[in-house]
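Heavy atoms only: backbone and side chains are in, while hydrogens, waters and symmetry mates are out. Since we're looking at a predicted model, the values are computed, not measured.
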There are 2 protein chains.
Amino acid sequence: MQNSMPPLSALRAFEATARLGSVTAAAEELSVTHGAVSRQLKSLDEHFGVALFSKAGRGIVLTPHGEKLQSGLSEAFSKLRDSCAALKRDVEEAPFTLACPGSLLARWLIPRLDRLHRELPELKLKVVVSDTEQPGKQTDASATLAFSEPPWPADVDVIELIPEQICAVASPQLAAQLDPADPQTLFSTQLLYTASRPQAWPQWASAQGLEQAQLEAALSEGQGFEHLYYLMEAAVAGLGVAIAPTLLVEDDLKSGRLVAPWGSIETSARLCLWLPNQTNNHRSEPLAKWLKSELKTAS
Amino acid sequence: MQNSMPPLSALRAFEATARLGSVTAAAEELSVTHGAVSRQLKSLDEHFGVALFSKAGRGIVLTPHGEKLQSGLSEAFSKLRDSCAALKRDVEEAPFTLACPGSLLARWLIPRLDRLHRELPELKLKVVVSDTEQPGKQTDASATLAFSEPPWPADVDVIELIPEQICAVASPQLAAQLDPADPQTLFSTQLLYTASRPQAWPQWASAQGLEQAQLEAALSEGQGFEHLYYLMEAAVAGLGVAIAPTLLVEDDLKSGRLVAPWGSIETSARLCLWLPNQTNNHRSEPLAKWLKSELKTAS
DNA sequence: ATAAATGCGTGACTCCAGCTCACATATAGC
DNA sequence: GCTATATGTGAGCTGGAGTCACGCATTTAT
């Protein structure tokens, strides 16, 4: 039974040729040369031990045997195509769920969400707040957007978007008391930070050439917040100098609610798109591309 | 539409795996290793951008998407298999028509036809008298059995079975007047021959070292017959010495109706099986094999 | 008639999809 | 614990399937 099945590619070539009535046309449909199709047809003839086409003028026509085969195959192949198309449609019409930390969601993604929807409508994007520290483990999300540091686990796809930059920000009033040329003046204020990024201040300080001991002393008198939202409000209120990803405070810097006296520094972390399963790449690729271009124009 | 079709072999691997519920079992059915199937499944996952199987214990189960695809594919593939099987059955159940010259048919094939039918029943052999001089041109025959000389046209398959042998035969009474050691004594009798093989006597005479001029003189006084049947009857009746393929007079030699005083000589012709179309080889191959073995045991 | 265009078949060559092999990993049963 | 079963995967090899170029047959245009 099984050994009686000819190569499937030959059957496909036959079906296309029979349907179109031309080797050349079938070759075009299958994106190969007519020679390739011709060989496939010959191999089918040999497999079945009977001619399926005969020459007619400069073209070909089906023999009775060929017609019989065609009538069955065309049905089978159209069912095959339908099944694949149906699955593909199902997959593509399902919403693409992007998980994202609340701070990134609120301060960067949501302002761009409308344009994203308009420019990639076929994604049917839904966004959710990521509920775990491990970006790859979010099983109900198609992808996760997050800042994270290499190395990444081998069993997930991680697309690097841009390096993370962080900056120290303060209200304009407070900044007026600080020296843009001397980061040291920072220590005259209270240090503000989020609990989720304890390494931010040390990284910044080390990049600015500040003493580690002095920083630690200042940090112990500093103030931590649960969420970036509160941190920003505290900074705006002039409670002290906050450390935050530059990407998330750009709007505040532009509007003048906050200033960053000493500029930004780059960290070893990256803004990444995590793809938990190795699959649905063609849906995530346009998203990754969009994110990259969006991040490029913004900077 | 077309570019959305995944590789057919991957679909077949998926269908088998889904049907059997096991990669290993599918691999066995497809006569490949489980690794090969595993890769095909992975490529399908990537094509559709969705997992079609998920791990369950040490085996696998279909995901909802996988089940959906399977339900369509199993139908399509069974239709495909049915179509191919139906065609194959049609071809194999059609009678195999063997064309053959009347003399060969009557004096060699027919006596063996009963055994041939019994030993190759699936051939459903029919025999017809060939109606053309060109063995390959018999369009209504699946194959033609005939003596013929190389070279053969390039567009037909010709299977050589055995070299042709010819011999000069006479009735025992007439042969008593001839000298087995001296072919020359032949010329004391009338030469008998068939119109279809004018070159037989010259070939035989040349092999026996007889003079060409003497032969031609004798031939001009000889007697030609339309068919081998009449030639044989003339020889049996003692009208003269006939020249004929050894294969076709073996029974007469064995029974003593005729004798061949000077033995047989080999000619450049061959008993051949002509296959007009390059197809149905698997049906003609057993026949060719049978013919060869039959010819070997007979000699 | 002659020339050009169209369509199919095929020899020679190339290349990569798909296979095997071997090993890794994970689960089930003892 | 150990063993058997089942799937995943890196490395490497091979033959099937493709391309190219040409030949042949037929149709259409000049």
Side-chain angles (χ1 to χ4, degrees), chain A residues 2-3 5-47 50-63 66 136 153-157 276-279, chain B residues 2-3 5-47 50-63 66 136 153-157 276-279:
Chain A
Q2 285 303 331
N3 59 349
M5 279 288 284
L8 292 174
S9 58
L11 289 178
R12 177 173 46 188
F14 169 83
E15 194 274 335
T17 307
R19 176 162 38 81
L20 300 170
S22 152
V23 173
T24 307
E28 197 169 346
E29 174 173 306
L30 300 172
S31 304
V32 293
T33 61
H34 77 270
V37 174
S38 180
R39 288 172 199 286
Q40 303 256 8
L41 297 179
K42 188 183 176 189
S43 85
L44 254 201
D45 277 5
E46 284 169 2
H47 175 91
V50 66
L52 299 170
F53 289 102
S54 57
K55 298 187 188 182
R58 61 183 174 188
I60 52 171
V61 290
L62 285 165
T63 63
D155 60 338
V156 293
D157 276 5
N277 41 17
Q278 294 91 318
T279 61
Chain B
Q2 285 302 333
N3 59 350
M5 278 287 284
L8 292 174
S9 58
L11 289 178
R12 176 172 48 187
F14 169 83
E15 193 273 336
T17 307
R19 175 162 39 81
L20 299 171
S22 153
V23 174
T24 307
E28 197 169 346
E29 175 172 306
L30 300 172
S31 305
V32 294
T33 61
H34 75 269
V37 174
S38 180
R39 285 170 200 286
Q40 302 259 15
L41 296 179
K42 188 182 176 191
S43 86
L44 255 202
D45 278 3
E46 282 168 3
H47 175 90
V50 67
L52 299 171
F53 289 102
S54 58
K55 298 188 189 182
R58 59 186 174 185
I60 52 170
V61 289
L62 285 165
T63 63
D155 61 338
V156 292
D157 275 3
N277 40 19
Q278 294 92 317
T279 61

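Side-chain contact between A:I60 and A:V23: present, with at least one pair of heavy atoms (C-beta onward) separated by less than 4.5 Å. Contact check for B:D45 versus B:L41: no side-chain heavy atoms found under the 4.5 Å cut-off.
Rounded to whole angstrom, the span from the CG atom of A:L8 across to the C1' atom of D:dG16 amounts to 14 Å. Put simply, CG on A:L41 is 13 Å from C1' on C:dG7, counting in whole angstrom units. Going from atom CG of A:L20 over to atom C1' of C:dC8 covers 16 Å, rounded to whole Å. Atom pair A:L62:CG and C:dC8:C1' shows a separation of 15 Å (rounding to whole Å applied). The CD1-P distance, from B:I60 to D:dG8, rounds to 6 Å in whole Å. Straight-line distance from the NE2 atom of B:H47 to the P atom of C:dA17: 15 Å, rounded to whole Å. Residue B:E28 contributes atom CD, which lies 14 Å from atom C1' of D:dT5 at whole-angstrom precision. For the pair A:E46 CD and C:dT10 C1', the computed distance is 12 Å after rounding to whole Å.
Put simply, A:T24 has no side-chain N or O that comes within less than 4.0 Å of OP1 or OP2 on C:dT6. Side-chain N/O atoms of B:Q40 include one lying less than 4.0 angstrom from OP1 or OP2 on C:dC19. Regarding contacts with the backbone of C:dT20, a side-chain N or O of B:T33 is found under 4.0 angstrom from either OP1 or OP2. Regarding contacts with the backbone of C:dG18, a side-chain N or O of B:S9 is found under 4.0 angstrom from either OP1 or OP2.
Rounding to the nearest 0.5 Å places CG of B:L30 at 7.0 Å from OG1 of B:T17. From A:H47, atom NE2 reaches atom CG of A:L52 across 10.0 Å, with rounding to the nearest 0.5 Å. With rounding to the nearest 0.5 Å, the separation of OG in A:S22 from CZ in A:R58 is 11.0 Å.
If one axis is set at each end of the helix from C:dA1-D:dT30 to C:dC30-D:dG1 from five pairs, those axes are 30° apart, to 10°.
Taking the side chain to side chain contact (heavy atoms under 4.5 Å, CB included) definition, one finds that B:L8 meets it with A:L8, A:R12, A:F77, A:L80, B:M5, B:L11, sequence neighbours left out. Remark: A:S9 engages A:Q40 in a side chain to side chain donor-acceptor pair (under 3.5 Å) (not counting sequence neighbours). For the side chain to side chain contact (heavy atoms under 4.5 Å, CB included) test, residues two or more places apart in sequence or in another chain that qualify with B:S54 are B:V61, B:T63.
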Sugar-phosphate or base contact per nucleotide [nucleotides 22-30 of chain D; S, B, -; heavy atom under 4.0 Å]: ----BB---
For nucleotides 12-15 of chain C, give me every protein contact, N/O to N/O, under 3.5 Å, one pair per line with atom names.
from   : atom 1 : to    : atom 2 : distance (Å)
C:dA12 : N6     : A:R39 : NH2    : 3.0

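Among the nucleotides D:dG8, D:dG18, C:dT20, the one closest to any side-chain atom of B:S38 is D:dG8.
A:A10 and A:S43 get closest at one heavy-atom pair: CB-OG, 3.9 Å.
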